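Both backbone and side-chain heavy atoms feed into the values below; hydrogens, waters and symmetry mates do not. Keep in mind it's a predicted model, so treat the numbers as computed, not measured.
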Number of protein chains: 2
Amino acid sequence: MVEPGSTSWGESAPVAVRQSSLRERNLAAIVAAVCRADVPPSRADLATELSMTRATAGRLVDELVAARVVDEVDRSQGGRGRPAKGLLPGTGIVGLGLAVETDRLLVRAVDLRGRVIGQRDVPSGPRDAELVLDALAHEAREVRRGLQGRRLVGVGVAVPGIVTDDGRLRRAPNLGWNDVDVAGILASVGGRYPVQVANEADMAALLEAQPRPGRPGPWSDFVHVSAAVGVGGAIVSGGRVVAGEHGAAGELGHVCVDPSGPACGCGSTGCLEQYVGIRALAEVSGLPRERVAEGLAAGAVAGDPRCLAAVEQVTHALSVALASVVNVVGISSVVLGGHLTALDVATIESIRSRLDARVLGSRWKPVQVRPARGDQTAAATGAAHRALADVLARPAAWV
Amino acid sequence: MVEPGSTSWGESAPVAVRQSSLRERNLAAIVAAVCRADVPPSRADLATELSMTRATAGRLVDELVAARVVDEVDRSQGGRGRPAKGLLPGTGIVGLGLAVETDRLLVRAVDLRGRVIGQRDVPSGPRDAELVLDALAHEAREVRRGLQGRRLVGVGVAVPGIVTDDGRLRRAPNLGWNDVDVAGILASVGGRYPVQVANEADMAALLEAQPRPGRPGPWSDFVHVSAAVGVGGAIVSGGRVVAGEHGAAGELGHVCVDPSGPACGCGSTGCLEQYVGIRALAEVSGLPRERVAEGLAAGAVAGDPRCLAAVEQVTHALSVALASVVNVVGISSVVLGGHLTALDVATIESIRSRLDARVLGSRWKPVQVRPARGDQTAAATGAAHRALADVLARPAAWV
DNA sequence: CGTGATTAGTTCGATGAGTGAACTTAAGTC
DNA sequence: GACTTAAGTTCACTCATCGAACTAATCACG
């Protein structure tokens, strides 16, 4: 999940580049431009935008069309000269996104245009890892069967825990799993393509950063909070999800809100998760766990004192915890996901203004806060995007 | 602080690359390899390491030698065939590092081998920005005069405050400066080369990340704490200092240790700076400010109750604040700089173990803590490295 | 309805950077 | 002193991009 090179100083090249890298790079540039365009660009548009010649753009596009990475469409919208053939991300390339959650398993097949081609949601419980993953693999194969000749290019898996580079899930408290070789167990689903495993918060953040594959969302730098039973998070910088040394960046759930607060399962005290996790909010608000998401804001607006207390708790804890995060990573926009998506406008503005008071640079650049756009299955869709990201980064491997 | 035009190859390309970019890139690869090598490599060594042909390596090296970016040295150490000419970073290329601190101005001229060619330290006070910067420019010109035919390739300036991309210092509380165009005022020092302005903590962290220009230090991922009157910090990831959206990453001084703690000048409460800044420690320990650095550890070891209290305060505050940072950015190594460099081994181990208890991934990968290697002028030397970083990143511009 | 203007896309020789193999240079070895 | 070894150099070749000329398809205007 480590995507190289956020804002950086002196990068160093580990190996020399050859002429073929040049072509690889320009193929990627074309694909990226096609994905981020608002209207299907022509070969000539691409040549202008990327400052290459029409000759080069034409040749590269032809290769990508042959590989079905981009599709040609009619773009007859009048105008002077020869009508252009529009280019769109190919529908023949799909990525598979899987998600293991505490109570369900999700599968999404998404094409390069971001359209969901196939999906599957099944309930699950906190059982043995092998059993759960085998069930997930079964569902994934079912979805894969319905792809009808499209090319599967990779599999992404979102899991609620810390993942290491080799695709092992080190620890997932809410599943009770330790050291599970997720990538290995699910390898058969991907066939000869790699299975990319990452934290569900990172996958959801990827979807938030690019609502369509390769297409940047409104913000390119933000802190993403994924709140459910556990509270996770991710940092998006320059449109890329940044992972730490061991893929464990963005563990917002264990930022300290108050050192004298309640003990947390992680061994620390007063962690954010103890204030805004579903369990904590259910207890304070008196709502059943599954109704916290929708019920909280409504209850508070209706004046229910327990819901008001819960909302105040969320506001306080988030503003304290996120202020530290914003100061440390220097990113002043925050996206609230999971059950926090449903917070009402007034609460969000209240979090924002309290953050402003605590953030050093806010006088210069005010903090921004917004709810996430993704739905409650963002992690699975994001995982599919993660699978497709390999094609976007190195399309040469698929032509 | 975000380096212009240095997008790396993995990520989506904004523009196409041409054949000349290929050469630029490989020149940079050669320079990087020469800088990070333990013994001066030959052209053949470089060809092997970078997997290019001897022909290519030879041609590119010749260009770099002509431009004095690398020097040829005799490496006659016996052996069979034709003796190799060793290659070292050029001594003819120097970067100028300036630092504005609360009580002094520093100038360092450093060559590509990391040797200090010229330096100047003068006392200063918190006066008008124009006056102080003019004095600094004067000192810098004096140092520049002593360069004797070497090529000055850039100027870096370390300042104690938040800096925006355009080289303006937005706010420097301990200098009482607001919105000062540092790059503009010092432009004359750099001649036709840009003046790179950044936070002193970032500059010091750069020196910690690369003790010699282009040569990585022992750790490539760490959180760097720069403690003085103010407490700053920086995040180093993959050997690079990461800047936030607005160059304001790593503001560790304003991570919240205790929301019910003392009010901080930043508008928040219980910030780290209120516990480990020089003023706070001087007050608790009873030591005069200028003696806090050396006196604190000694006093604590000697059993002085006030020093013991101060050390306990440092230990507690750092372990709480850094735990959040480590969890959020997923980097589990910490370097303590500024007056914290002088903490005794036992205190550092105590911070480390308390961090371990609060960090989610510590069971998998224990937290590491060490004092910084740089001296109290790290920011100025780091600023010189910053100036040289442009040559390392794009040597083609200098050949 | 035909001619010209205009823009998209294609073809083809030129350019420049890396490749590979042969050649030259400067040692050490027997 | 002839042979071996390895570093460095030379030169013809490859390949991706460039530039310019060419072809294709549509609109505008008389």
Item to complete: Answer yes or no: side-chain N or O of B/R43 and base N or O of D/dG8 forming a donor-acceptor pair under 3.5 Å.
Response: no
Worksheet item: Could a donor-acceptor pair under 3.5 angstrom be found where the side chain of A/R18 meets the base of C/dG18?
Response: no
Practice prompt. Round to the nearest Å and state the distance from A/E72 atom CD to D/dA25 atom P.
Written response: 13 Å
Worksheet entry | CG on B/L152 to CD1 on B/I117, rounded to 0.5 Å | 12.0 Å
Worksheet item: Looking at CZ of B/R59 and CD of B/E63, how far apart are the two atoms once the value is rounded to the nearest 0.5 Å?
Response: 6.5 Å
Discussion item. I'd like to know if the side chain of A/R151 reaches the main chain of A/A67, judged simply by a donor and an acceptor atom lying under 3.5 Å from each other, with no hydrogens or angles considered.
Written reply: yes
Discussion item. On DNA chain C, compare the nucleotides closest to A/G86 and B/S20; which residue's is nearer the 5' end?
Written reply: A/G86
Item to complete: Could you say whether A/Q19 or B/P83 is positioned toward the 5' end of DNA chain C, judged by the nucleotide with the nearest heavy atom to each?
Response: A/Q19
Worksheet item: Within less than 4.0 Å of OP1 or OP2 of D/dT23, is there a side-chain N or O belonging to A/R82?
Response: no
Discussion item. If you compare every side-chain N and O of A/T56 against the phosphate oxygens of D/dA16 (OP1, OP2), does one of them come in below 4.0 Å?
Written reply: no
Worksheet item: Taking the side chain of B/A44 as heavy atoms from C-beta outward, which of D/dC18, C/dA21, D/dA7 is closest to it?
Response: D/dA7
Worksheet item: For the side-chain contact (heavy atoms from CB on, under 4.5 Å) test, which of A/V157, A/V155, A/V153 pairs with A/L96?
Response: A/V155
